[in-house]
Colleague: 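Below are the structure tokens for one structure; questions will follow.
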Amino acid sequence: MWFTFFVLLMFANIAFRFEVPSLKLFAIARASSEGAMFAGVALRRVLQQGELLANPTFLVGFSLGGIVLVLVCALIWKSEKSVNGDWGASGISLEDKLHVPGPRERFMARCDELSARYSLTAREAEIMALIAQRKSRTEIEQKLFLSQNTVKTHVRHLYAKLDARSKADVIALFEG
């Protein structure tokens, strides 16, 4: 169960960070989990017929072998580069092996580009990104743990630097 939990967490992380469709990953995880449970039930029946389950030495050795197997799997999968390459999750097209930026990566690149062009502070860039995501001032306050007046001040400075008059102007500039 713990290994299945570990694999599901890893798949969720890959799906989130690299914008991989999660359905395929979780279908593979579920099929692997069910297959392992079926193999475990079949193995238990074989061991019961051979009366190996009554032998304490065998049980300890079998348990230690399982723990070692889980640790080996964790070490193999620990290398993020290996996992990304194996599952095609690193943003590389399988056909020509070129980097393909996902929507999140394109969004962050646009934030960086506008921040550099308009000499925005880190906080102004953060607020611009939230405005580009169509967040309200209240949502920005809650997300950044800022007071209403602080957000108003940052937004006013941001609008001045971007020569914008409204949220719609910022969104248009961001999408342009």
Colleague: Looking at Phe107 and Ala132, what are the two nearest heavy atoms and their distance?
Modeller: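 Distance-wise, the nearest heavy atoms are CE1-CB, 4.0 Å.
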Colleague: Counting only heavy atoms not in Tyr159, do more than 12 fall under 6.0 Å of its OH?
Modeller: yes
Colleague: Are the charged groups of Arg30 and Glu34 less than 4.0 angstrom apart, N to O?
Modeller: yes
Colleague: Looking only at non-hydrogen atoms, find the nearest pair between Arg165 and Asp169 and report the distance.
Modeller: N-OD2, 2.8 Å
Colleague: Taking C-beta and beyond as the side chain, do Phe58 and Leu47 meet within less than 4.5 Å on heavy atoms?
Modeller: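 With C-beta onward as the side chain, the pair touches.
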Colleague: I need the His154 NE2 to Thr121 OG1 distance, nearest 0.5 Å.
Modeller: 6.5 Å
Colleague: Once you round to the nearest 0.5 Å, how far does OG1 of Thr153 lie from CD of Gln148?
Modeller: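 Thr153 atom OG1 to Gln148 atom CD measures 10.5 Å (nearest 0.5 Å).
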Colleague: Please say whether more than 12 non-hydrogen atoms of neighbouring residues, nucleotides or ligands are located less than 6.0 Å from CZ in Arg45.
Modeller: no
Colleague: So, taking the atom named CD in Glu141 and the one named CG in Leu146, what distance separates them when rounded to the nearest 0.5 Å?
Modeller: 8.0 Å
Colleague: I'd like to know if Arg134 and Glu175 make a salt bridge, using a cut-off of under 4.0 Å between side-chain N and carboxylate O.
Modeller: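 A salt bridge links Arg134 with Glu175.
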Colleague: Rounded to the nearest 0.5 Å, how far apart are CG of Leu130 and CZ of Arg137?
Modeller: 13.0 Å
Colleague: Would you check, one step at a time, whether the test side-chain contact (heavy atoms from CB on, under 4.5 Å) holds for Met128 with Leu120?
Modeller: CA-CA 9 Å; Met128 179 190 62; Leu120 302 180; 3.8 Å; yes
Colleague: Is a side-chain donor or acceptor of Lys161 paired with a backbone partner of Ser119 at a separation under 3.5 angstrom?
Modeller: yes
Colleague: Report yes if some heavy atom in the side chain of Phe174 is under 4.5 Å from a heavy atom in the side chain of Arg110; otherwise report no.
Modeller: yes
Colleague: Flag the pair Leu144 / Val151 as yes when at least one side-chain heavy-atom distance between them is below 4.5 Å, and no otherwise.
Modeller: no
Colleague: Side chains of Ser147 and Thr150: donor-acceptor distance under 3.5 Å anywhere?
Modeller: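 Note: Ser147 and Thr150 side chains meet the donor-acceptor criterion.
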Colleague: To the nearest 0.5 Å, how far apart are OG in Ser115 and CD in Glu124?
Modeller: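 Those atoms lie 9.0 Å apart.
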Colleague: Do Met108 and Ile131 belong together in a cluster built from hydrophobic side chains that touch within less than 4.5 Å?
Modeller: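 In one cluster with Met108: Ile131, yes.
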Colleague: Walk me through whether Lys135 and Lys143 qualify under side-chain contact (heavy atoms from CB on, under 4.5 Å).
Modeller: CA-CA 10 Å; Lys135 301 288 185 193; Lys143 175 111 175 135; 5.7 Å; no
Colleague: Counting C-beta onward and ignoring hydrogens, is there a side-chain heavy-atom pair between Thr57 and Phe62 closer than 4.5 Å?
Modeller: no
Colleague: Linking I/L/V/M/F/W/Y whenever any side-chain heavy atoms sit under 4.5 Å apart, do Leu59 and Leu69 land together?
Modeller: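 Different clusters.
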Colleague: Go through the steps to decide whether Ile127 and Ile140 satisfy the test side-chain contact (heavy atoms from CB on, under 4.5 Å), and finish with yes or no.
Modeller: CA-CA 7 Å; Ile127 289 174; Ile140 294 171; 4.2 Å; yes
Colleague: If I take atom SG from residue Cys111 and atom CZ from residue Arg106, how far apart are they, to the nearest 0.5 angstrom?
Modeller: 13.0 Å
